[in-house]
Amino acid sequence: MDTAATAAKAHELQRLHRDPELLLVVNVWDVITARVVADTPGTKALATASHSIAAAYGYPDGEQIPRDLMIEAVGRIAAAVDLPVTADLEAGYGDAGETVARAIDVGIVGANLEDQMKPLPDAVRAVEAAVAAGERAGIPFVLNARTDAFVKAGDRNPADVLAEAVERGRAFLDAGASTFFVPGRLDEPTVSRLVEELGPQKVNVIGVPGSLDLATLQRLGVARVSYGPWSQNVALTALAALAEDVYAGGGLPEGTRKLN
């Protein structure tokens, strides 16, 4: 690992999250998608999507892909571009500290870490281990601690879910996480309350069908919007549409660009 180069990218990723301008990251899952997005004007950093990488290798989501294979995949992405790359490392594959250390070794400068709604003390220990791995490597690693409070809310009272998310966000930030990731289709009052409780440029959200528009998220003080597996679904939708059109007697759609 080139420690100086990795540290410089980590500093830049930290700066991008602190900047009042909303950071937009379109998730990628292999080298060619990373290069296409990195070459798109406006791209400042890249994020991988664990679901998408697992799917590309034939594994279901949920830490079913071997950790070695995930680390190899994100390392290939980091090596293929000059931009900072943050990786979705699920819940740390049983050892968050070791997983983050290995990710740093292959050039990754940030990561999502899921709490999977484990008991809060256990989730906090995982965050602390991941943060410590960055400190040992001398890298200002951008740990994006994620809660599944909303995606696993079920029929719970929304006020209780929000209160638990805030509690977990505070605990993760106190444990050294750089930012707090709250996936789910969140309404404006919910996002506003999260930012109010945790601070501007501390809350990250995901773009899903029906999400708040980017201008609103910018106004509310959100740090970053990512797209998780949805970017892969956009690509797969285009692929399925091509196959359907070909089988119906058509062909390549007009406007197709040769990006590979």
Side-chain angles (χ1 to χ4, degrees), residues 7-27 42-49 83-89 100 108-115 120 123-124 126-128 130-131 134-135 139-151 153 158-208 210-228 230:
K9 289 180 179 179
H11 278 293
E12 174 62 7
L13 191 59
Q14 290 279 10
R15 186 194 69 77
L16 289 169
H17 283 84
R18 290 193 303 266
D19 196 309
E21 181 180 353
L22 185 65
L23 175 60
L24 305 175
V25 287
V26 176
N27 297 72
T43 302
K44 299 177 181 179
L46 294 181
T48 72
L83 296 172
V85 178
T86 177
D88 182 349
L89 299 178
V100 167
I108 296 298
V109 296
N112 290 358
L113 186 68
E114 302 169 5
D115 65 0
L120 185 54
V124 168
V127 169
E128 290 172 341
V131 170
E135 292 172 347
I139 301 298
F141 195 78
V142 181
L143 187 70
N144 188 31
R146 163 179 161 166
T147 186
D148 288 333
F150 287 95
V151 297
D160 293 340
V161 175
L162 177 56
E164 184 168 22
V166 168
E167 179 187 21
R168 285 177 174 259
R170 285 176 176 158
F172 297 160
L173 294 171
D174 287 347
S178 304
T179 51
F180 180 53
F181 181 32
V182 194
R185 192 171 68 180
L186 309 180
D187 59 21
E188 184 169 343
T190 298
V191 176
S192 180
R193 172 74 182 282
L194 287 166
V195 174
E196 178 184 339
E197 295 287 349
L198 302 174
Q201 278 66 62
K202 287 297 182 182
V203 176
N204 295 339
V205 300
I206 187 170
V208 299
S211 289
L212 295 173
D213 63 87
L214 297 179
T216 297
L217 294 172
Q218 166 83 58
R219 174 174 56 79
L220 293 175
V222 169
R224 167 177 127 193
V225 179
S226 57
Y227 291 86
W230 283 101

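Remember, it's a predicted structure, so these values are computed and weren't measured experimentally. Heads up: numbering here begins at 1 and tracks the sequence.
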CD (Gln218) and CG (Leu212) are apart, to the nearest 0.5 Å, by 13.5 Å
So which atom in Thr48 and which in Ala87 form the shortest heavy-atom distance, rounded to 0.1 Å? OG1-CA, 3.2 Å
Tyr227 side, atom OH; Asn27 side, atom CG - distance, nearest 0.5 Å: 9.5 Å
Assess the residue pair Thr179 and Asn204 against the criterion (side chain to side chain donor-acceptor pair (under 3.5 Å)); give the C-alpha distance rounded to whole Å, side-chain angles, the decisive distance to 0.1 Å, and a yes or no. CA-CA 7 Å; Thr179 51; Asn204 295 339; 3.1 Å; yes
Just to verify, what does Thr216 make a side-chain hydrogen bond (donor to acceptor under 3.5 Å, both in side chains) with, not counting sequence neighbours? Asp213
Counting only N and O atoms by type, is there a donor-acceptor contact under 3.5 Å from the side chain of Ser226 to the main-chain atoms of Gly228? no
Closest non-hydrogen atoms of Ala126 and Leu113, given as atom of the first, atom of the second and distance, are O-CD2, 3.7 Å
Taking the side chain as C-beta and beyond, is there a heavy-atom pair between Leu23 and Val225 under 4.5 Å? no
Contact list for residues 180-192, test salt bridge (charged side-chain N to carboxylate O under 4.0 Å, His left out), sequence neighbours left out: Glu188-Arg219
Distance from Arg193 atom CZ to Leu162 atom CG, nearest 0.5 Å? 5.0 Å
Give, for atom NZ of Lys202 and atom CZ of Arg224, the distance between the pair rounded to the nearest 0.5 Å. 13.0 Å
With a 4.5 Å heavy-atom cut-off, do Val85 and Val109 have their side chains touching? no
Would you mind checking if Glu12 and Lys9 are paired as a salt bridge, meaning a charged N to carboxylate O distance below 4.0 Å? no
Exactly one of Val222, Val191, Val203 should register a side chain to side chain contact (heavy atoms under 4.5 Å, CB included) with Val182. Which one does? Val203
Kindly give the heavy-atom pair with the smallest separation between Asn112 and Thr86, and that separation in Å. N-OG1, 4.4 Å
Any Thr43 side-chain heavy atom under 4.5 Å of Leu83 side chain: yes
Taking all atoms of both residues into account, what is the closest heavy-atom pair of Val142 and Ala10, and its distance? CG2-O, 4.0 Å
For the atom pair CD (Gln201) and NE2 (His17), what is the distance rounded to the nearest 0.5 Å? 10.5 Å
Specify the closest pair of heavy atoms between Gln14 and Phe141, including all atoms of both residues, with the distance to one decimal. NE2-O, 3.3 Å
Using side-chain heavy atoms (C-beta onward) and a distance below 4.5 Å, is Val124 in contact with Val127? no
Separation between CG of Asp115 and CD of Glu164, rounded to the nearest 0.5 Å: 8.5 Å
Quick one: which residue pairs count as a salt bridge (charged side-chain N to carboxylate O under 4.0 Å, His left out) with a foot in residues 169-179, not counting sequence neighbours? Arg170-Glu197
If I compare all heavy atoms of Phe181 with all of Ile206, which pair ends up nearest, and what's the gap? CE1-N, 3.9 Å
